[in-house]
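First up is the structure itself, then whatever we jot down about it.
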Amino acid sequence: MHAKNKSTNTEEHGFDSRKGESHRVVVEFQDNKLAAMVFGQHDQNLARIEQRLHVSLINRGNRIAIEGAAGPSAQAKSILAELYEMAEKGRELSVGDVDGVVRMLVDLKTADDGATGTRAAGNLKIVTRTKVVLPRSSGQADYIEKLQKNEMVFGVGPAGTGKTYLAVAMAVSCMISGEVDRIILSRPAVEAGEKLGFLPGDLKEKVDPYLRPLYDALYDMMPAEQVEKFMITGQIEVAPLAYMRGRTLSNAFVILDEAQNTTSMQMKMFLTRFGENSRMVICGDPSQVDLPRGIRSGLRHALDVLRSVESIATTRFNQTDVVRHPLVARIVEAYGEEDGR
């Protein structure tokens with residue numbers, strides 16, 4: 001707990017059917033304003049902690065009583081401490097932050113110095129123009145660490161795990177710090193199961209529907225006018241994969257999204273664009289291949305061929321890393337079970 005917080009543990013009372021006992025812990029925050037941020041609007045953050053840990057949280061002003069089994073009660077106290085520190089640093093807390101801290105506390109192993117998983121991952125962050133991006137799962141923590149240390153990284157896993165979002169955040173961070181001169185975002189223009197037919201307009205208007213998720217991530221990391229300025233000057237380039245052929249991408253942070261929809265030849269072409277002082281991230285979900293039947297995904301092929309190549313790292317996400325609505329994680333899990341059958 002931060003020095004400004006005071007917490008006391010009362011004697012256990014009540015009964016828990018699993019452990020035979022229930023505990024009551026009282027946490028007191030010094031700053032009422034920060035405490036209100038921790039609790040959330042209409043106590044929504046507290047409600048989420050109750051839902052995730054099966055404890056009862058009762059707040060009175062700047063004090064909160066935690067009631068439940070010993071283990072979950074201690075975890076709830078640690079989560080509240082972490083959220084308070086985040087609020088102290090000026091972060092506006094959301095239910096997503098609560099989910100992230102819960103996930104990190106449960107998933108990450110305790111560090112050697114005895115710190116909780118959330119504190120062990122405290123140095124893993126990405127600073128952009130508009131926000132500081134922190135990991136919200138053990139998979140995201142592993143991914144950010146590999147993005148910081150490796151020239152080429154594969155991010156593989158289901159939708160909602162933050163593969164593309166974190167890659168774009170790292171790209172923006174590297175550009176504003178001067179590590180690279182430009183950002184290049186690419187994606188194969190493959191229809192997701194339906195025929196779109198002829199699209200009117202110039203090249204940008206034709207490919208924009210395929211590249212919209214990349215634009216969304218960019219606008220979340222930088223002011224809109226800055227994104228548009230960099231796109232005009234060419235410091236940020238968004239282009240379909242077909243336009244990568246024949247180029248050497250130097251001093252650039254290059255991201256390939258939806259990589260599961262590349263063929264083996266397209267993937268080889270893209271990977272060999274790697275140039276001097278460049279970084280490359282390849283994101284994809286092997287369970288959502290939209291290629292014609294009989295054509296092998298270039299992402300799967302690359303993961304097999306490059307698994308032992310030095311300086312190439314891979315993070316494999318699973319449903320526990322899904323940071324969208326909890327229902328998305330359950331959907332991913334259900335489809336995974338069906339695929340297994």
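FYI, side chains are in, hydrogens and waters are out, and symmetry mates aren't considered; it's all heavy atoms of this structure. All residue numbers in this chain count up from 1 along the given sequence.
For the pairing with E82, the side-chain contact (heavy atoms from CB on, under 4.5 Å) check across V102, D97, V101 returns one residue only, V101. Shown are V305, L303, D304; of these, the side-chain contact (heavy atoms from CB on, under 4.5 Å) with H301 is made only by V305. Here the options are T314, V309, I282, V281, the test is side-chain contact (heavy atoms from CB on, under 4.5 Å), and the partner is M152; only I282 passes. Under the salt bridge (Lys or Arg N to Asp or Glu O under 4.0 Å) rule, D257 has a single partner from R187, R212, K163, which is R187.
Ion pair D220/K131 flagged as a salt bridge, since at least one NZ, NE, NH1 or NH2 atom sits closer than 4.0 Å to an Asp/Glu carboxylate oxygen. Ion pairing of D99 with R136 is absent here, as no side-chain N (NZ or NE/NH1/NH2) approaches a carboxylate O to less than 4.0 Å. Of the charged side-chain nitrogens involved, at least one lies within less than 4.0 Å of a carboxylate oxygen, so that K149 and E145 count as a salt-bridged pair. A salt bridge does not link E151 with R279: none of the charged nitrogens is closer than 4.0 Å to a carboxylate oxygen.
Linking Ile, Leu, Val, Met, Phe, Trp and Tyr whenever their side-chain heavy atoms come within less than 4.5 Å leaves F270 and L147 in two separate clusters. Both M267 and L241 sit in one connected hydrophobic cluster of ILVMFWY residues. Membership requires side-chain heavy atoms under 4.5 Å apart, directly or through other members. The hydrophobic cluster containing I144 also contains I183, counting ILVMFWY residues as joined when their side-chain heavy atoms lie under 4.5 angstrom apart, directly or transitively. Each of I184 and Y215 belongs to its own hydrophobic cluster when Ile, Leu, Val, Met, Phe, Trp and Tyr are linked at side-chain heavy-atom distances under 4.5 angstrom. Cluster annotation: M170 is not connected to M280 through the hydrophobic network of ILVMFWY side chains, with a link wherever side-chain heavy atoms come within less than 4.5 Å.
When only modelled atom types and interatomic distance are considered, Y165 and D216 share no side-chain donor-acceptor pair under 3.5 Å. Residues S137 and D321 have side chains that bring a donor and an acceptor to within less than 3.5 angstrom of each other. A donor atom on one side chain and an acceptor atom on the other are not found under 3.5 Å apart for E228 and Q226.
Residues P286 and L299 meet the side-chain proximity criterion, which asks for heavy atoms closer than 4.5 Å. The shortest distance between side-chain heavy atoms of P188 and L256 falls below 4.5 Å. In this structure, the side chains of I255 and V168 come closer than 4.5 Å at one or more pairs of heavy atoms. Taking 4.5 Å as the limit, some side-chain heavy atom of F317 sits within range of a side-chain heavy atom of Q140. Contact of the D181 side chain with the M175 side chain is not registered, since no non-hydrogen atoms from C-beta on lie closer than 4.5 Å. In this structure, the side chains of T315 and F154 stay at 4.5 Å or more apart for every pair of heavy atoms. Using a 4.5 Å cut-off on side-chain heavy atoms (C-beta onward), N45 and V38 make no contact. By the 4.5 Å heavy-atom criterion applied to side chains, L83 and I79 are counted as neighbours.
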### Query
Does the pair Y84 and L34 meet the rule for a side chain to side chain contact (heavy atoms under 4.5 Å, CB included), with working shown?
CA-CA 7 Å; Y84 188 87; L34 294 179; 3.6 Å; yes
### Task
Decide side chain to side chain contact (heavy atoms under 4.5 Å, CB included) for Q260 and Q288; before the verdict, give the C-alpha distance in whole Å, the side-chain angles of both, and the deciding distance to 0.1 Å.
CA-CA 7 Å; Q260 76 275 5; Q288 296 194 45; 4.3 Å; yes
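Between the side chain of N62 and the main chain of A35, no donor-acceptor pair closer than 3.5 Å is present. A donor-acceptor pair under 3.5 Å is formed between the side chain of T272 and the backbone N or O of K268. The backbone N or O of D290 sits less than 3.5 Å from a side-chain atom of N261, completing a donor-acceptor pair. Looking only at distances, no side-chain donor or acceptor of Q75 sits under 3.5 Å from a matching main-chain atom of L53. With hydrogens and angles disregarded, no donor-acceptor distance shorter than 3.5 Å links the side chain of S173 to the backbone of A169. Between the side chain of S264 and the backbone N or O of G298 there is no donor-acceptor pair closer than 3.5 Å.
In this structure, L218 CG and L185 CG are separated by 5.0 Å, a value rounded to the nearest 0.5 Å. Here OG of S73 is found 12.5 Å from NE2 of H54. Values are rounded to the nearest 0.5 Å. Taking OG1 from T262 and CG from L291, the interatomic distance works out to 7.0 Å, rounded to the nearest 0.5 Å.
No more than 12 heavy-atom neighbours from other residues, nucleotides or ligands sit within 6.0 angstrom of CD on Q41.
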Going by atom type alone, with no hydrogens or angles, which donor-acceptor pairs under 3.5 Å involve a side-chain atom of residues 246-254 and a protein atom two or more places apart or on another chain?
residue, atom, partner, partner atom, Å
R247, NH1, E237, OE2, 2.7
R247, NH2, E237, OE1, 3.0
N251, OD1, N277, ND2, 3.0

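Under the salt bridge (charged side-chain N to carboxylate O under 4.0 Å, His left out) criterion, R129 pairs with no residue at all, not counting sequence neighbours.
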